[in-house]
Protein chains: 2
Amino acid sequence: MDFKEAKNKFVQTWGALGSQWGINKTMAQIHALLMVSHEPISMEDIMEELQISRGNASMNLRALMDWGIVYKEYKAGERKEFFTAEKDLDELAVKISRERSKREIKPALKVLKEVSAIESDGTAAEKHFVDQTSKLYDFVLKADNVLDKMTEYKDNWLAKLVVKIMR
Amino acid sequence: MDFKEAKNKFVQTWGALGSQWGINKTMAQIHALLMVSHEPISMEDIMEELQISRGNASMNLRALMDWGIVYKEYKAGERKEFFTAEKDLDELAVKISRERSKREIKPALKVLKEVSAIESDGTAAEKHFVDQTSKLYDFVLKADNVLDKMTEYKDNWLAKLVVKIMR
DNA sequence: ACAAACTTTCATTTTTTTTTGAAAGTTTAA
DNA sequence: TTAAACTTTCAAAAAAAAATGAAAGTTTGT
């Protein structure tokens, strides 16, 4: 396998993995491409490499920047914009965790809190509902806190976690 | 908010959350419904409650059983099948972790290993590719191991993790 | 062996998500 | 201020994913 094949395989795999985790394929592919690129890439080159339209590239780059994991760069003397990905994996994981927590977990917690707060009329069905949603609330809250705490280490958090867990 | 509203809100929210994590909406909704149900439900009732077709219900119940988080039950004297969800949240998290690891993380690791093993010709581009994919391999492997170790506790793993992390 | 009571399958349809590309918008340089 | 070089937007098209429902399959009781 040569470089080109390997790069392609990586980009395709990352794209497929993204889909399975609710991230659109192109977005994941652009991210993959930027991750393994040693220098900033222009939109033109991304379009060319991934065979996608200008609109598609523009929208997904914007989304990646909203996630805080891709940055715009300007090259002296060049008019067009270049893009780079966050390459530090600890930092990447922290940013993804933070965003997913903010966008998805926090709103879910809010709903869990609401629905678990209904006045149960004492029937088994209602009692079980309140009990189960309360437990779920506690569980998700705890998980969210753990994630938050872990990523607070920021530097090398996974390595530190390994030490804590494994001993 | 009364019971019916609360239950509906929970099911809808769980469904939407599922979509964002790459799980189809109906599958997540069925799971939500079974989670908060104090007794096993028949396919007929699931179809009625979620307003979905027989085929849809059948396929998604099968998928949930493949994930090991929904079980078939037989009631004495009844011909039809009833379904329950795994209600222990620790167990649920363990099963989801194991499946996602098996289905998605392990195959991704295999690809990362492959592509990071190319013979670099020494150019900056290739060196960076090998370096970055190697780091990614290490990172994902470590994360997968942590997950595995954590879920090995099986009982109350999240609570135990909280203790470890927070102190 | 039959038929009633169910469940599963899968070709087709529907819905949802993603992509396209051309027009509108922006920035920069002369 | 004009125009070239670029980027963004968004309505329409395409692609992908999910849902339908009827036919095929299975199980159980008589």
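Residue numbering restarts at 1 for every chain, and letters A, B, ... go by the order of the sequence lines.
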In Å, rounded to the nearest 0.5 Å, how long is the span from [atom1] of [X] to [atom2] of [Y]?
X: N56(B); Y: N24(B); atom1: CG; atom2: CG; value: 7.0 Å
X: M47(B); Y: I30(B); atom1: CE; atom2: CD1; value: 10.5 Å
X: I118(A); Y: T133(A); atom1: CD1; atom2: OG1; value: 7.0 Å

Q.
Quick test of your reading of the model: are E44(A) and K80(A) salt-bridged, counting only N-O distances below 4.0 Å?
A. no
Q | R62(A)/D66(A) ion pair, N-O < 4.0 Å | A | yes
Q. Heavy-atom contacts under 4.0 Å between residues 44-62 of chain A and DNA chain C, which residues?
A. Q51(A), I52(A), S53(A), G55(A), N56(A), N60(A)
Q. Short question: side chain of E86(B), backbone of D88(B) - any donor-acceptor pair under 3.5 Å?
A. yes
Q) Hey, does the side chain of E99(A) reach the backbone of I96(A) with a donor-acceptor pair shorter than 3.5 angstrom? A) no
Q | M43(B): which of E48(B), R54(B), E81(B) passes side chain to side chain contact (heavy atoms under 4.5 Å, CB included) | A | R54(B)
Rounded distance in Å - [atom1] ([X]) to [atom2] ([N]):
X: M43(A); N: dT9(D); atom1: CE; atom2: P; result: 11 Å
X: I41(A); N: dC6(D); atom1: CD1; atom2: C1'; result: 18 Å
X: Q20(A); N: dA16(D); atom1: CD; atom2: P; result: 16 Å
X: E78(A); N: dA5(D); atom1: CD; atom2: C1'; result: 12 Å
X: F82(B); N: dA5(C); atom1: CZ; atom2: C1'; result: 13 Å
X: I23(B); N: dA17(D); atom1: CD1; atom2: C1'; result: 15 Å

Q) Tell me the ring pair (Phe, Tyr, Trp, His ring centres under 6.0 Å) pairs involving residues 34-79 of chain B, sequence neighbours left out? A) none
Side-chain N or O of [X] less than 4.0 angstrom from OP1 or OP2 on [N]?
X: K80(B); N: dT26(D); answer: no
X: N24(B); N: dT16(C); answer: no
X: K72(A); N: dC6(D); answer: no

Atom pairs under 3.5 Å, N or O on each side, protein against nucleotides 27-30 of chain C: can you list them with distances?
unit_1: dT27(C); atom_1: O2; unit_2: R79(A); atom_2: NH2; d: 3.1
unit_1: dT28(C); atom_1: O2; unit_2: R79(A); atom_2: NH2; d: 2.9

Q: Select one nucleotide: of dT8(C), dT19(C), dA18(D), the one nearest the side-chain heavy atoms of T26(A).
A: dT19(C)
